[in-house]
> 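Sharing a structure here in structure tokens format.
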Number of protein chains: 2
Amino acid sequence: MLSKKTKYGIKALAYIARKKDRKPVQASEISESENISQKFLESILLELRKSGFLGSKKGKGGGYYLIKEPEEIKMTAVIRVLEGPIAMVPCVSLNYYEKCDDCPDEKTCSVHKLMIQVRDASLNVLGENTLQDIAFFNS
Amino acid sequence: MLSKKTKYGIKALAYIARKKDRKPVQASEISESENISQKFLESILLELRKSGFLGSKKGKGGGYYLIKEPEEIKMTAVIRVLEGPIAMVPCVSLNYYEKCDDCPDEKTCSVHKLMIQVRDASLNVLGENTLQDIAFFNS
DNA sequence: CTATTAACCTATCGGTTTACTAGGTTTAAA
DNA sequence: TTTAAACCTAGTAAACCGATAGGTTAATAG
């Protein structure tokens with residue numbers, strides 16, 4: 001399950017991407033428009049800034065803005081920062097690998113191979129989609 | 001992330017499927033062989049029985065056995081019972097649908113469309129794999 | 001220079017879930 | 001009648017989640 005944090009983070013990024021001018025967008029504006037608790041959103045935006053997706057400007061007229069172009073931001077990167085691993089099991093994670101304590105050998109694990117397939121399928125979808133794709137779409 | 005419960009459940013089912021004879025397999029045997037806490041495993045096996053994957057026999061020489069053929073058990077079904085929804089967000093779940101409180105309209109939600117794609121990709125993999133496929137595989 | 005605005009920081013917190021554990025009861029075979 | 005196994009109920013420590021509270025810092029407007 002996707003955490004609210006990740007969900008809100010994606011929505012916020014999409015909101016900012018939709019603004020044509022590059023003027024900073026305030027957390028309060030996003031909060032109202034997307035129905036997200038402002039304080040919670042603030043902490044998420046901060047995290048997105050610290051991880052290099054957003055820049056910020058303090059004080060009056062301040063806010064958050066995209067650092068890269070929306071087409072250059074893959075959803076894999078966003079989700080990895082906000083949610084953590086994309087894989088359903090640490091032992092098949094590319095970026096957050098961890099050995100299972102119960103498995104003596106991954107090669108003979110019945111779960112392992114299945115979860116690699118799931119991971120690759122998800123990775124494929126999330127790697128093909130950029131912020132541009134999800135911010136502007138014609139439903 | 002897949003819970004240990006689901007992971008253990010899948011491993012246990014695979015273990016039982018691998019036994020050629022249809023004699024009941026004891027929880028203790030699976031527990032030892034797969035390095036799973038016995039009591040925890042018991043509760044999982046019980047759940048798998050109640051949801052129609054396993055049958056059981058009490059008393060000496062008792063244990064758990066498959067009710068259906070391994071080829072007939074899709075991994076989607078197993079995961080839905082043990083883990084719950086396959087979708088990463090309730091609003092795109094086929095079997096556990098729930099509306100988001102923050103979204104006024106799913107059609108305009110930037111997360112929604114993306115998560116439908118992820119769901120379909122996962123569903124595709126998990127629907128194609130049966131217990132037979134994951135129990136016997138040549139790594 | 002001052003007031004205002006908005007990002008930034010730290011700490012806390014109630015609720016839920018997770019992964020077990022304990023300790024028994026029931027059923028069936030030897 | 002002993003033993004082995006499933007079955008049942010309860011509890012629990014730790015982690016995580018989604019938020020809230022209450023400030024500090026920095027930048028702009030007047």
Side-chain angles (χ1 to χ4, degrees), chain A residues 1-12 16 23-67 82-85 88-90 96 98 100-102, chain B residues 1-12 16 23-51 53-67 82-85 88-90 96 98 100-103:
Chain A
M1 277 286 147
L2 212 65
S3 64
K4 301 245 170 175
K5 181 176 137 190
T6 304
K7 189 182 163 199
Y8 293 164
I10 295 176
K11 280 188 164 190
I16 296 171
K23 281 185 188 152
V25 186
Q26 290 95 4
S28 60
E29 181 186 335
I30 304 173
S31 156
E32 274 182 41
S33 174
E34 300 288 329
N35 303 305
I36 305 171
S37 146
Q38 175 161 352
K39 281 289 191 178
F40 191 27
L41 179 61
E42 274 181 22
S43 71
I44 298 168
L45 293 170
L46 209 55
E47 205 172 326
L48 286 170
R49 198 217 63 193
K50 287 182 179 168
S51 50
F53 291 100
L54 296 176
S56 68
K57 216 187 149 198
K58 281 186 173 185
K60 207 167 194 173
Y64 294 93
Y65 52 89
L66 285 179
I67 282 190
L82 292 173
E83 188 79 7
M88 293 183 80
V89 156
Y96 299 81
E98 230 173 299
C100 307
D101 4 341
D102 54 307
Chain B
M1 277 287 147
L2 210 67
S3 64
K4 301 247 170 171
K5 180 177 138 191
T6 304
K7 188 183 164 199
Y8 294 163
I10 295 176
K11 280 188 165 192
I16 297 171
K23 280 185 188 152
V25 186
Q26 291 96 2
S28 61
E29 181 186 336
I30 304 173
S31 156
E32 272 180 44
S33 174
E34 301 287 327
N35 302 306
I36 304 170
S37 144
Q38 174 160 353
K39 281 290 192 178
F40 191 27
L41 180 61
E42 274 182 22
S43 71
I44 298 167
L45 292 171
L46 208 54
E47 204 173 327
L48 286 169
R49 198 216 64 193
K50 287 182 180 169
S51 48
F53 291 99
L54 296 175
S56 68
K57 214 185 151 201
K58 280 185 171 184
K60 207 167 195 173
Y64 294 93
Y65 50 89
L66 285 179
I67 283 189
L82 292 173
E83 188 79 6
M88 294 184 79
V89 156
Y96 298 83
E98 229 172 297
C100 307
D101 1 341
D102 54 307
C103 273

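The sequence lines fix the lettering, A, B, ..., with proteins before strands; numbering per chain opens at 1.
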> What salt bridge (charged side-chain N to carboxylate O under 4.0 Å, His left out) pairs are there with at least one residue in residues 26-47 of chain A, not counting sequence neighbours?
A:Lys5-A:Glu47, A:Lys19-A:Glu29
> Would you say the side chain of B:Leu66 lies within less than 4.5 Å of the side chain of B:Leu54, judging by non-hydrogen atoms?
yes
> Taking side-chain contact (heavy atoms from CB on, under 4.5 Å) as the test, write out the residues that go with B:Ser33, two or more places apart.
B:Tyr15
> In chain order, what residues pass the ring pair (Phe, Tyr, Trp, His ring centres under 6.0 Å) check against A:Tyr8, with sequence neighbours excluded?
A:Phe40
> So where does chain A start and stop touching DNA chain D, 5' to 3', when the test is distance under 4.0 Å to a non-hydrogen atom?
D:dG18 to D:dA29
> So what does A:Lys50 touch, heavy atoms closer than 4.0 Å: a base, only the sugar-phosphate, or nothing?
sugar-phosphate
> List the residues meeting side chain to side chain donor-acceptor pair (under 3.5 Å) with A:Ser56, not counting sequence neighbours, and say none if there are none.
none
> Please answer whether the main-chain N or O of A:Ile36 pairs with a side-chain N or O of A:Ser31 as donor and acceptor at a distance below 3.5 Å.
yes
> Restricting to ring pair (Phe, Tyr, Trp, His ring centres under 6.0 Å), what partner residues turn up for A:Tyr65, sequence neighbours left out?
none
> Applying side-chain contact (heavy atoms from CB on, under 4.5 Å), name anything that partners A:Ser28, two or more places apart in sequence or on another chain.
A:Gln26, A:Gln38
> List in chain and number order the residues that pass side chain to side chain donor-acceptor pair (under 3.5 Å) with B:Ser3, two or more places apart in sequence or in another chain; answer none if no residue qualifies.
B:Thr6, B:Glu83
> So what's the dot-bracket for DNA chain D: Watson-Crick or G-U pairs under 3.5 Å, [ ] if a pair crosses, | if it pairs off-strand?
||||||||||||||||||||||||||||||
> Side-chain contact, heavy-atom cut-off 4.5 Å: A:Tyr64 with A:Val25?
no
> Of all residues at least two apart in sequence or in a different chain, which pass the side chain to side chain donor-acceptor pair (under 3.5 Å) check with A:Asp102?
B:Lys7, B:Lys11
> Using a cutoff of under 3.5 Å, can you pull out all pairs of nitrogen or oxygen atoms linking the protein to nucleotides 2-7 of chain C, with atom names and distances?
residue: C:dT5; atom: O2; partner: A:Lys60; partner atom: N; Å: 3.4
residue: C:dA6; atom: O4'; partner: A:Gly59; partner atom: O; Å: 3.3
residue: C:dA7; atom: OP1; partner: A:Ala27; partner atom: N; Å: 2.9
residue: C:dA7; atom: O3'; partner: A:Ser56; partner atom: OG; Å: 3.4

> Quick one: are B:Phe53 and B:Leu82 in side-chain contact, heavy atoms under 4.5 Å?
no
> Quick one: which protein N/O atoms are closer than 3.5 Å to N/O atoms of nucleotides 17-20 of chain C? Pair and distance per line, please.
residue: C:dA19; atom: OP1; partner: B:Lys4; partner atom: N; Å: 3.4
residue: C:dA19; atom: OP2; partner: B:Lys4; partner atom: N; Å: 3.2
residue: C:dC20; atom: OP2; partner: B:Tyr8; partner atom: OH; Å: 3.2

